[in-house]
Amino acid sequence: MLQHWGFTPRVVVTDGSNLYPAVLAEVWPQAKHQLCVFHVLQDVTKKVLDGVRRLRRQQARRGQAGRKRRRGRASKARQAQRRRRGPTNKQKATFVYRHRFLIVKRTEHLDRKDWDNLCQMFRYLPELRPLWSFCREVYQLFSAEQVLRLARRRRTLLLKKASYQEVPELVEALGLLKGEKFDQMVAFLECPVGQRVRTNNHVERMNRKVRFDEKVRYSWRSRRSLDRFLHLRLGRLGQQAGVATPRTVEAEVSPGSTSKKRGAPGGD
């Protein structure tokens, strides 16, 4: 149908599935294959959070190898002594767990309270700093305000950083940025500045909406009924956006009767 209406895509955005490359090479061989940056960052941040979980569990188990604590309630002097020592390793690990999302959150979205909690996490667990720095560099790697040569240079420096090679989870995350897939991740940089599309979130959002509308209407399972619904849905969206949509109206007038208008059905 795209070919019938004269649409020839120049860039096709997909996720990281292995089903698409062969099909795209057969159907649209001239189109560039762009991997969705959202799905790439989702896989990278998952590896980073795995590293946060490992470090947090190590800290929670720290200090449990010696003599076991006495049974029963501690005396008031013992409780005061524990308060003077500050939070325990288990309490520090709990704090890191509750604020683990700050490691992968973009710095431009952090408020003052987030910065205070992030600095407290670094004081409790300094090993989190490489994970946070890695996320910042990865986000900068896929910035739309750069050229392709700069993105490749940043990727090369990122792969050669020794501090990231010491963390097992970051080594796995760097493996996602190697090979020909990286050229597909930054294919949007070859487009003009105003036409750089990095994700297919808008398409998936519309697909979820169509699947929901199809689910609540059992009789709309055929292709004809689905095409008809899509025309109605797009027409309604155009009216909400203020776009004039052509609508054909016919009038039938007969002697002794009022005029009847027929047009495109407007209800669901």
Side chains of [X] and [Y]: does their closest heavy-atom pair fall under 4.5 Å?
X    : Y    : answer
L148 : E190 : yes
L189 : V147 : no
L150 : R154 : yes
L118 : H99  : no
L177 : M185 : yes

- Pairwise distance CH2(W132) to CE(M121) - rounded to 0.5 angstrom: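 Reported to 0.5 Å precision, the distance equals 11.5 Å.
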
- When rounded to the nearest 0.5 angstrom, what distance separates CD in Q59 from CG in N89?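 Q59 atom CD to N89 atom CG measures 5.5 Å (nearest 0.5 Å).
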
- Message: Can you confirm whether F122 is buried at CZ, in the sense that more than 12 heavy atoms of other residues, nucleotides or ligands lie under 6.0 Å from that atom?
- Response: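 Atom CZ in F122 is crowded, with more than 12 foreign heavy atoms closer than 6.0 Å.
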
According to a hydrophobic-cluster definition based on side-chain heavy atoms being under 4.5 Å apart (Ile, Leu, Val, Met, Phe, Trp, Tyr only), do [X] and [Y] belong together?
X    : Y    : value
L125 : F101 : yes
Y20  : F7   : yes
V171 : V104 : no
F134 : F182 : yes
L49  : L176 : yes

- Query: Can D43 and K46 be said to form a salt bridge (charged side-chain N to carboxylate O under 4.0 Å, His left out), step by step?
  - Reply: CA-CA 5 Å; D43 296 337; K46 184 178 180 300; over 6 Å; no

Cation-aromatic face contact [X]/[Y], 6.0 Å, 45 degrees:
X    : Y    : result
R106 : Y139 : yes
R198 : F38  : no
R98  : F95  : no

- List in chain and number order the residues that pass side chain to side chain donor-acceptor pair (under 3.5 Å) with D183, two or more places apart in sequence or in another chain; answer none if no residue qualifies.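 Not a single residue meets the side chain to side chain donor-acceptor pair (under 3.5 Å) criterion with D183.
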
What closest approach, in Å, do [X] and [Y] show between heavy atoms, and which atom pair accounts for it?
X    : Y    : result
L128 : I103 : CB-CD1, 4.2 Å
V186 : A151 : CG1-CB, 4.4 Å
V197 : F188 : O-CB, 3.6 Å

Any donor-acceptor pair under 3.5 Å from [X] side chain to [Y] backbone:
X    : Y    : result
T45  : Q42  : yes
Q91  : T88  : yes
Q34  : A187 : yes
E26  : V23  : no
R196 : C191 : yes

- Message: Show me the pairs that pass side-chain hydrogen bond (donor to acceptor under 3.5 Å, both in side chains) and involve residues 113-130, at least two apart or across chains.
- Response: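 Sorted pair list: K105-D114, Q120-R123, Q120-Y124.
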
- Message: Taking side-chain hydrogen bond (donor to acceptor under 3.5 Å, both in side chains) as the cut-off, I'd like each qualifying pair that reaches into residues 157-177, sequence neighbours left out, listed once.
- Response: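 For residues 157-177: K47-E172, R54-E169, E137-K161, E137-Y164.
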
- What do the steps show when you test R10 against Q30 for side chain to side chain donor-acceptor pair (under 3.5 Å), and what is the final call? CA-CA 7 Å; R10 291 177 296 178; Q30 76 284 355; over 6 Å; no

- Criterion side chain to side chain contact (heavy atoms under 4.5 Å, CB included) on L24 and T14, from CA distance to verdict: CA-CA 10 Å; L24 294 178; T14 67; 4.2 Å; yes

